[in-house]
Participant: 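Below you will find the structure I want to go over with you.
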Amino acid sequence: AVIPFTGSPGLKPRMPADATVLDYYKLFIQDNDIMAIILVETNRYGAANVANCEQITFNDLHRVFALVMLMGIVKKPAVHMYWSTDPKLSTKHFNDVMSRNKFNRIMSALHFVDNGIPSTDRANKIRPILDCQNRRFSQVYVPKRDVSIDETLLLFKGRLVFKQYIPKKRARFGMKGYVLAESDTGYVQKYTLYEGKDRENTDIGQGVAHRIVLDMMDGLLDCGYNVVMDNWYSSPILMKELFDRKTYAYGTLRSNPKNVPKDIKSHDNGTQLKKYFSCSPVLVGCWFDKNHLVFCSNKHDSFELVELEKRTHDDRPIFKPGPIVDYNKNMCGVDLADQMLKYYAMERRAI
């Protein structure tokens, strides 16, 4: 059965044709939710722990965030250099917006929770912001039909019990997170922070990756979305459950999970195995071109080869299975989001 797409993608609030960057900023940062939390907790911490830290206002916070975002565009080795009066280094807007000392005091006091309230949550310090932003991401924008799930890494080199080292990521060291992003634009629909293996919920019978996909897709299920994932998440059982929730899913597959055909599990990489196994609605296929690749899908019902636009150096056509072509096209959402963040990186050493 074909699953119809019932979503209505796009911005939910109608934006005027002449909307500015500030208008879009206000969609995500509102005084009545996120900023109210930051204002209260920053004033609380600053009054008790930061010398000469006066009470700040919403306007002060917006100015601080504006300067931090500008630092992601104007790169300098150290924070104090943005307020330098040296003609070779000066950036006049910083002194016009806020003094260096006031900026440093606010950044030193910046807090999102009350430290006096005990918590066993390892992400307690930023939990209110994560929750508020995830709600806002889904309120402001509805993604198009194709979305992808993957890991990302936020640069952090300080002391942290769940800090990860992933050499293939841009940052290499930092806080790992799971991201649901729109394949076409890289818009982040949901972000979940990884807090360590011992904090993973292992009660679910199908495993952690299975639960993560269902949690990340919460709110988009039963709408006909196409979710793309790599081999850490995908499994035939997950594909069947997503299809029952009116959601298409496909991606690469490890050759050793449960319910994978024995011919694939015992495959010898030296042979060019090109076949598929289908147990409706789930398709499991194996393709060997330059590398051995196993894939799984609840959207595709055949192993039909698709001719690519590009050709070999001697002008011969190139063919690949349809599921692999779609995977290569739509798995780039999280990578695209990471690429955009890299252009305006705002990470820096603490004040």
Side-chain angles (χ1 to χ4, degrees), residues 5 7-13 15 19 21-30 33-35 37-38 65 68-69 72-73 112 123 125-156 162 164 166 168-171 174-195 209 211-221 223 225-230 232-234 242 247-249 251 327 329-347:
F5 181 53
S8 53
L11 277 170
K12 287 187 178 180
M15 299 296 290
V21 174
L22 181 60
D23 294 325
Y24 285 98
Y25 168 82
K26 290 178 178 179
L27 284 179
F28 297 94
I29 307 296
Q30 294 186 324
D33 48 23
I34 297 175
M35 296 301 287
I37 295 173
I38 300 174
F65 291 165
V68 171
M69 286 187 283
I73 301 173
F112 310 134
K125 295 285 188 179
I126 58 174
R127 179 64 63 192
I129 303 305
L130 288 178
D131 293 343
C132 283
Q133 283 296 78
N134 274 328
R135 286 195 301 270
R136 199 63 189 153
F137 288 156
S138 60
Q139 290 170 356
V140 167
Y141 183 78
V142 178
K144 299 175 185 176
R145 186 169 193 174
D146 293 300
V147 295
S148 62
I149 295 177
D150 203 357
E151 297 91 26
T152 189
L153 195 69
L154 179 63
L155 177 63
F156 184 81
F162 54 90
Q164 297 285 295
I166 304 178
K168 292 184 178 181
K169 293 294 184 181
R170 167 179 65 91
M175 295 180 286
K176 185 176 79 171
Y178 305 109
V179 179
L180 174 69
E182 185 181 58
S183 299
D184 186 32
T185 63
Y187 178 86
V188 175
Q189 180 72 10
K190 185 176 291 187
Y191 176 89
T192 300
L193 186 65
Y194 171 78
E195 299 178 37
R211 176 187 60 82
I212 288 172
V213 173
L214 296 179
D215 287 349
M216 298 296 283
M217 287 297 295
D218 184 33
L220 299 181
L221 295 172
C223 296
Y225 274 93
N226 297 330
V227 56
V228 193
M229 62 196 80
D230 65 20
W232 188 76
Y233 303 94
S234 61
L242 287 173
T247 302
Y248 284 130
Y327 174 84
K329 177 182 177 182
N330 296 317
M331 186 56 196
C332 58
V334 178
D335 290 337
L336 184 56
D338 286 343
Q339 179 184 350
M340 296 299 178
L341 288 173
K342 183 179 179 180
Y343 294 149
Y344 309 105
M346 292 177 282
E347 302 97 336

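Predicted, not measured: the structure shown is a model, and the values here were computed from it. In this chain, numbering begins with 1 at the start of the sequence shown.
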Participant: Can you name the nearest heavy-atom pair linking P9 to P143, along with the distance?
Facilitator: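 Reported closest heavy-atom pair: CB-O, 3.4 Å.
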Participant: Walk me through it: do K176 and I166 pass the test side-chain contact (heavy atoms from CB on, under 4.5 Å)?
Facilitator: CA-CA 9 Å; K176 185 176 79 171; I166 304 178; 3.7 Å; yes
Participant: Does any donor atom in the side chain of Y194 or E151 lie under 3.5 Å from an acceptor atom in the other side chain?
Facilitator: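 No donor-acceptor contact under 3.5 Å links the two side chains.
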Participant: Nearest 0.5 Å, what's the OH-OH distance between Y233 and Y178?
Facilitator: 6.0 Å
Participant: Within this structure, what is the CG-CD1 distance for the pair D131 and I34, rounded to the nearest 0.5 Å?
Facilitator: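 Between atom CG of D131 and atom CD1 of I34 there are 10.5 Å.
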Participant: Taking atom types as modelled, find out whether R136 and Q139 have a side-chain donor-acceptor pair closer than 3.5 angstrom.
Facilitator: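 There is such a pair (donor and acceptor under 3.5 Å, judged by atom type) between the side chains of R136 and Q139.
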Participant: Can you confirm whether K190 sits close enough to D215 that some side-chain heavy atom of one is under 4.5 Å from a side-chain heavy atom of the other?
Facilitator: no
Participant: Run the numbers on V188 and T152 for side-chain contact (heavy atoms from CB on, under 4.5 Å), then give the verdict.
Facilitator: CA-CA 11 Å; V188 175; T152 189; over 6 Å; no
Participant: Please tell me if the side chains of E182 and Q189 come closer than 4.5 Å, counting only heavy atoms from C-beta onward.
Facilitator: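 In short, these two side chains do not touch, never coming nearer than 4.5 Å.
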Participant: Within this structure, what is the CE-CZ distance for the pair M216 and R211, rounded to the nearest 0.5 Å?
Facilitator: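 Rounded to the nearest 0.5 Å, the CE-CZ separation comes out at 10.5 Å.
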Participant: Could you pull out the closest heavy-atom pair between V140 and P13, with the gap in Å?
Facilitator: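 V140 and P13 have their closest heavy atoms at O-CD, 3.4 Å.
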Participant: Hey, are the side chains of L11 and Y24 touching, using non-hydrogen atoms and a 4.5 Å cut-off?
Facilitator: yes
Participant: Please find the pair of heavy atoms, one from S148 and one from N330, that lie closest to each other, and give the distance.
Facilitator: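 What the structure gives for the nearest pair is CB-O, 3.7 Å.
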Participant: Can you label the angle between the Y225 ring and the F5 ring as parallel, tilted or perpendicular, going by 30° and 60°?
Facilitator: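 Perpendicular, since the angle between the ring planes exceeds 60°.
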Participant: Are the side chains of I38 and I129 in touch, meaning some heavy atoms are under 4.5 Å apart?
Facilitator: yes
Participant: CG/L242 to CG/L221 distance, rounded to the nearest 0.5 angstrom?
Facilitator: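 Nearest 0.5 Å value for the CG-CG distance: 6.5 Å.
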Participant: Determine, step by step, whether D150 and V179 satisfy the side-chain contact (heavy atoms from CB on, under 4.5 Å) criterion, reporting the C-alpha distance in whole Å, the side-chain angles of both residues, the deciding distance to 0.1 Å, and the verdict.
Facilitator: CA-CA 6 Å; D150 203 357; V179 179; over 6 Å; no
Participant: Is a donor on one side and an acceptor on the other found under 3.5 Å between the side chain of N134 and the backbone of Y191?
Facilitator: yes
Participant: Between CG of D230 and OH of Y327, what distance do you get to the nearest 0.5 Å?
Facilitator: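 So the CG of D230 and the OH of Y327 are separated by 5.5 Å.
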Participant: Is there side-chain contact between V334 and I149, with at least one heavy-atom pair below 4.5 Å?
Facilitator: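 Side-chain contact under 4.5 Å: no.
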Participant: Taking side-chain hydrogen bond (donor to acceptor under 3.5 Å, both in side chains) as the criterion, tell me which of K329, K144, R145 meets it with D184.
Facilitator: K144
Participant: Give the C-alpha distance, both sets of side-chain angles, the deciding distance and a yes or no for side-chain contact (heavy atoms from CB on, under 4.5 Å) between I212 and T192.
Facilitator: CA-CA 9 Å; I212 288 172; T192 300; over 6 Å; no
Participant: Over all heavy atoms of both residues, which pair between G186 and A337 is shortest? Give the atoms and the distance, please.
Facilitator: O-CB, 3.2 Å
Participant: Nearest 0.5 Å, please: how far is CG in L180 from CE in M229?
Facilitator: 10.0 Å
Participant: What I'd like to find out is whether the side chain of L220 reaches to under 4.5 Å of the side chain of T247, using heavy atoms alone.
Facilitator: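 Sidechains of T247 and L220: no contact.
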